[in-house]
2 protein chains.
Amino acid sequence: MERMALDDRRRRADRARQVADLLRRQIIHGGFPGGQLPLEAALAREFDTSRNTVRQALDLLREEGLVERCPGVGTTVAAEKYPHGLHRLLGLAETLHEHGRVVNQVRTMTLIEPPAPVSHRLGLAPGEQVVYLERLRSLNGLPLSLDLTYLVRDVGEPLFDEDLAGNDIFVLLETIAGQPLGTAELTLEAVNADPHTAAALGTPRGAALLMVERLTHLADGRPVDLEFIRFRGDRLTMRGHLRRTEKEEQAWP
Amino acid sequence: MERMALDDRRRRADRARQVADLLRRQIIHGGFPGGQLPLEAALAREFDTSRNTVRQALDLLREEGLVERCPGVGTTVAAEKYPHGLHRLLGLAETLHEHGRVVNQVRTMTLIEPPAPVSHRLGLAPGEQVVYLERLRSLNGLPLSLDLTYLVRDVGEPLFDEDLAGNDIFVLLETIAGQPLGTAELTLEAVNADPHTAAALGTPRGAALLMVERLTHLADGRPVDLEFIRFRGDRLTMRGHLRRTEKEEQAWP
């Protein structure tokens, strides 16, 4: 008997997760005009499930910060979640230019003698200095990411005279180096926000962050820019395409 | 005076984050032979910082589940974090074949009449049934991801007779369809684990998950496989390359 009840609870939780996943996609892709979700009864009909399951699904989305729920008003989209392109190497202001204005607050900018792992990644001799830069980046006034950046000195030092509040580093680096950027290697992770990062990003402690480590090279192949970026998980998605076969490979034998 | 103390605390927290980010990368890339990190004093020298800052950095990594700290033993890598390729469309067992054996526990497999958003994404008429599949996927016996999958009926139904525990869906679909997969659109997010997902994945409530929504097409362009995947953030990274210019575009004018 108790076993049945457990199974029932699991089934409803599984079902709520399914509904939440589908609603999440519609929310992220602007599928609800005016940011207003249908009433619970209508969603229950659409998903052919109970109102309890719908309520549980909406609770999951509220806990993620995607929706707000008010008696009498119903369920509304809480905040836009912005798409960061994964198809091409772009700075934040470049990739989000349709969504508003990116402003960067410079928290730290200084010349440092970097730890060995940074020197190694940037291909520098021990003792060679780098520019260390820490920025809090906001879109339309809301904090989006905390970026820690290590730049090779010859392209990094001219940035002391540039407008870093209103420009992506990428665009400035290309002007300084007199050549475009080439490729970047990146690693993506999901991590919980530590208390200090949470405070800087205005998010609860432990909130899920999308963490990106990215080493960017100039077109000539030289690594110049090593970044550690923490995006607020409730404000940003990464979007891209993958192909089954590499372009060089033959398709299906 | 109090203001100074606050600044000092912030500076140490910022410094600890820098150290933690660099150590995280070394851990993920197997930079510590035998999984043993150097002593605090040695790390303090390497990063030219105080032992207190090093201790705070190691605490951040412990909270992420990346390292364990024991008196007398020091700091050891807690669990391997596996790399999922972002350069090509691959199933989990395909992308992790060097790291061990992927086993899939089928929690649910059934024919359903899907909700409208699923029909729409898969290009189906209202009322057309799909195969719904829920799998808990483990690598070397440790839970890695919870996958919710909707499959177009003609390629999904033959899966009832296949070994889903030991095979990626991708490979089976290609055999069934008699053609390779083509491309997939994917969206990546960081979300906190809800209690039921946390229980299934054996992770604490609220743990950061890497969430992937992926719509996969056959080579002929037909969408056949819609998946919602929750990866444990402490077990998996996504890795790829980005190019500054699209291949079609001219480089720097």
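Every value quoted in this text rests on a predicted model; they were computed, and no experiment measured them. In what follows, chains are A, B, ... by sequence order, proteins preceding strands, each numbered from 1.
Considering only heavy atoms from C-beta on, B/L242 stays 4.5 Å or farther from A/L90 through its side chain.
Note that the CG atom of A/L146 and the CG atom of B/D14 stand 7.5 Å from one another [nearest 0.5 Å]. Rounded to the nearest 0.5 angstrom, A/R88 CZ and B/R243 CZ are separated by 11.0 Å. Atom CE of A/M238 and atom CG of B/L86 lie 10.0 Å apart (nearest 0.5 Å). Interatomic distance, CG of A/L148 versus CG of B/L22, reported as 9.0 Å (0.5 Å rounding).
Neither the backbone nor the side chain of B/D48 comes within contact range of chain A; no heavy atom of the residue lies under 4.5 Å from a heavy atom of that chain. Neither the backbone nor the side chain of A/L215 comes within contact range of chain B, judged by heavy atoms closer than 4.5 Å. Heavy-atom distances place no part of A/E113 under 4.5 Å from chain B, backbone and side chain included. Within the 4.5 angstrom heavy-atom criterion, only side-chain atoms of A/R121, from C-beta onward, approach chain B. Proximity to chain A (any heavy atom under 4.5 Å) is restricted, for B/I28, to the side chain, taken from C-beta onward. In this structure, the portions of B/E185 lying under 4.5 Å from any heavy atom of chain A include both its backbone and its side chain. Contact of A/L60 with chain B is made through the side chain alone, with heavy-atom distances under 4.5 Å.
Most heavy-atom pairs under 4.5 Å with chain A, from the set B/F231, B/F47, B/F170, B/F228: that is B/F228. Note: B/R107 leads B/M211, B/E63, B/R107, B/E46 in heavy-atom pairs under 4.5 Å with chain A. Of the listed residues (B/L210, B/T183, B/L186), the one with the most heavy-atom contacts under 4.5 Å to chain A is B/L186. The candidate with the highest count of non-hydrogen atom pairs below 4.5 Å against chain B, out of A/A116, A/A207, A/P83, is A/A207. Ranked by heavy-atom pairs under 4.5 Å with chain A, the list B/P115, B/A16, B/G31, B/A184 is led by B/A184. Options A/G233, A/A20, A/G240, A/G206 differ in how many heavy-atom pairs under 4.5 Å they form with chain B, and the most are formed by A/G240. Put simply, of B/E64, B/R230, B/K81, the one with the most heavy-atom pairs under 4.5 Å next to chain A is B/R230. Of the listed residues B/R232, B/E189, B/R239, the one with more heavy-atom pairs under 4.5 angstrom with chain A than any other is B/E189.
The local environment of CG in A/N52 is crowded, with over 12 non-hydrogen atoms from other residues, nucleotides or ligands closer than 6.0 Å. Within 6.0 Å of atom NE2 in A/H29, more than 12 heavy atoms from other residues, nucleotides or ligands are found, so the atom counts as buried in its surroundings.
For the side-chain contact (heavy atoms from CB on, under 4.5 Å) with B/R244, the lone residue among A/L89, A/L218, A/T216 that qualifies is A/L89.
The two residues B/A190 and A/A190 have their closest heavy-atom pair at CB-CB, 4.0 Å. Summarising the geometry of A/A208 relative to B/N192, their closest heavy-atom pair is N-OD1, 3.1 Å, with the distance given to 0.1 Å. Minimum interatomic distance between B/P117 and A/Q26 (heavy atoms only, all atoms of both residues): CG-OE1, 3.6 Å.
Using a cut-off of 4.0 Å between Lys/Arg side-chain N and Asp/Glu carboxylate O, A/R17 and B/E134 are scored as salt-bridged. The existence of a salt bridge linking A/R24 and B/E213 is excluded, since no basic side-chain nitrogen approaches an acidic carboxylate oxygen closer than 4.0 Å.
Residues of residues 193-202 of chain A placed with any heavy atom under 4.5 Å of a heavy atom in chain B are listed by number as A/D194, A/H196, A/T197.
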